[in-house]
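Here is the structure we will look at.
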Amino acid sequence: QGGYGDPCAEVEDCVIHPCSREHCAPMDCEYISAGSFWMGSPDGCPGPEGYPGECEEEPGREEAEGPLHEGTQTRPSFMQRHELTQAQWGEHSDTNPTFTTGGPNYPVQNVNWWEMASYANARSSSLGLSECYALDGCVGEMGTGTVCEAVSIAAADGSPYLCEGYRLPTEAEWEYAARAEADTHYWWGTDVKEGGKVWANCDGCGSAWDDQQTAPVGSFPANRFGLHDTAGNVWEWVQDCWHPSHEGAPADGSARISEKCKYRTTRSGSWYYVSTNVRSGYRARFNPRA
């Protein structure tokens, strides 16, 4: 039976389920193939040579999205098909920092960057995998506002790509996976209201808006890579430090890594923010202890 990344036609072909996009993948994960994509958002015409999408400036675009450029993911990866749930968080912590709990299948909220790195390590250890993050000078219980002094990648050459265990995606990995081969504002097109695919603060987005809260993970259709909630619901931390807005994210798919970052990058927007913030090219920054 095949191991992670091996070709498969049926789930029975893999050591552990599922068979994702014709490759064996870890449980709850989807196989993301290598490939090229257009990163960022168009700022007007003419567009870059070879760009297949519309060149008009994307509505809601901000300078922080950087110049539109072609990026390449040189290696495949695995990504959890939905946002981290409160049930998954509870497997490794006795806390629940979520503002409005909703239930075990709702995304966990109010988790800072340090706590996500700590969670990734805890999940790796529980499966007998080497931890990806070496965290130094940490104070506080995970889920109550943990803060660390520094972090490094515990893999050869300090590369997150060589980690054995769980980690956050790089910013380039995230956008590549969120776009899922689409060049439009959202992975499904340019109309945010189309088909109720997003959970964001706009008329006609999602449902039950009187509740003003998150939605259970997987409530809306998956993109072409099998991923849910890459637009809206809750903000998603990525590996990268925030960097000058005019540069955009690295074209070669690498991450901007430092032991200490004043800000960390988040993607996807959230249920609380306007719909232009859930576009695939939108970038935001937060204090890693926020």
Side-chain angles (χ1 to χ4, degrees), residues 21 30 32-77 79 169-198 200-205 220-232 235-236 238-256 263-270 273-285:
R21 302 180 66 243
E30 296 293 340
I32 310 298
S33 56
S36 297
F37 71 114
W38 286 91
M39 193 168 191
S41 58
D43 60 358
C45 298
E49 183 178 354
Y51 179 61
E54 297 292 336
C55 66
E56 288 84 1
E57 182 172 349
E58 194 166 293
R61 184 186 187 276
E62 297 184 6
E63 183 183 3
E65 293 166 36
L68 187 64
H69 60 280
E70 192 169 17
T72 299
Q73 290 298 306
T74 59
R75 66 193 78 200
S77 61
M79 187 174 289
T170 69
E171 187 173 10
E173 284 177 324
W174 187 94
E175 187 168 333
Y176 175 69
R179 288 189 176 280
E181 302 175 343
D183 300 308
T184 47
H185 311 352
Y186 315 95
W187 64 261
W188 60 87
T190 58
D191 185 356
V192 69
K193 300 179 183 179
E194 179 189 335
K197 295 183 175 69
V198 63
N201 195 352
C202 65
D203 293 337
C205 298
F220 304 100
N223 68 16
R224 298 174 186 86
F225 285 165
L227 303 176
H228 295 270
D229 302 318
T230 56
W235 289 106
E236 299 173 11
V238 296
Q239 177 67 48
D240 300 52
C241 298
W242 179 261
H243 46 85
S245 59
H246 66 277
E247 294 182 8
D252 62 358
S254 61
R256 287 183 168 89
Y263 297 106
R264 291 279 180 176
T265 308
T266 59
R267 304 299 296 259
S268 90
S270 82
Y273 284 73
V274 296
S275 58
T276 55
N277 289 14
V278 305
R279 292 175 298 106
S280 298
Y282 186 79
R283 307 172 63 241
R285 68 179 189 179

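Bear in mind that the values here come from a model prediction, so they are computed numbers and not experimental data.
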### Message
Going by side-chain contact (heavy atoms from CB on, under 4.5 Å), name the residues that satisfy it together with Arg61, two or more places apart in sequence or in a different chain.
### Response
Ser41, Asp43, Glu57, Glu58, Glu65
Of the non-hydrogen atoms in [X] and [Y], which two are nearest, and what is the gap between them?
| X | Y | result |
| --- | --- | --- |
| Val278 | Ala231 | O-CB, 3.6 Å |
| Ser77 | Glu173 | CB-OE2, 4.2 Å |
| Arg21 | Ile32 | NH1-CA, 4.0 Å |
| Ser280 | Trp187 | OG-N, 4.0 Å |
| Gly53 | Asp183 | CA-CB, 4.4 Å |
| Gly226 | Glu30 | O-CG, 3.6 Å |

### Query
Under 3.5 Å, is there a donor-acceptor pair linking the side chains of Ser268 and Thr230?
no
Quick check against the 3.5 Å criterion: does [X] have a side-chain atom that pairs as donor or acceptor with the backbone of [Y]?
| X | Y | result |
| --- | --- | --- |
| His185 | Asp191 | no |
| Arg224 | Glu181 | no |
| Asp240 | Glu171 | yes |

So, taking the atom named [atom1] in [X] and the one named [atom2] in [Y], what distance separates them when rounded to the nearest 0.5 Å?
| X | Y | atom1 | atom2 | value |
| --- | --- | --- | --- | --- |
| Tyr263 | Arg285 | OH | CZ | 4.5 Å |
| Ser270 | Asp229 | OG | CG | 12.0 Å |
| Trp174 | Gln239 | CH2 | CD | 16.0 Å |
| Thr170 | Glu175 | OG1 | CD | 10.5 Å |

### Message
Side chains of Glu70 and Met39, heavy atoms from C-beta outward: is any pair under 4.5 Å?
### Response
no
### Query
Is Trp188 close to Pro221 at the side-chain level, that is, under 4.5 Å between some pair of heavy atoms?
no
### Message
In terms of relative ring orientation, are Tyr282 and Trp235 parallel, tilted or perpendicular, with 30° and 60° separating the classes?
### Response
tilted
### Any residue meeting ring pair (Phe, Tyr, Trp, His ring centres under 6.0 Å) with Tyr176, in chain and number order, not counting sequence neighbours
Phe37, Phe225
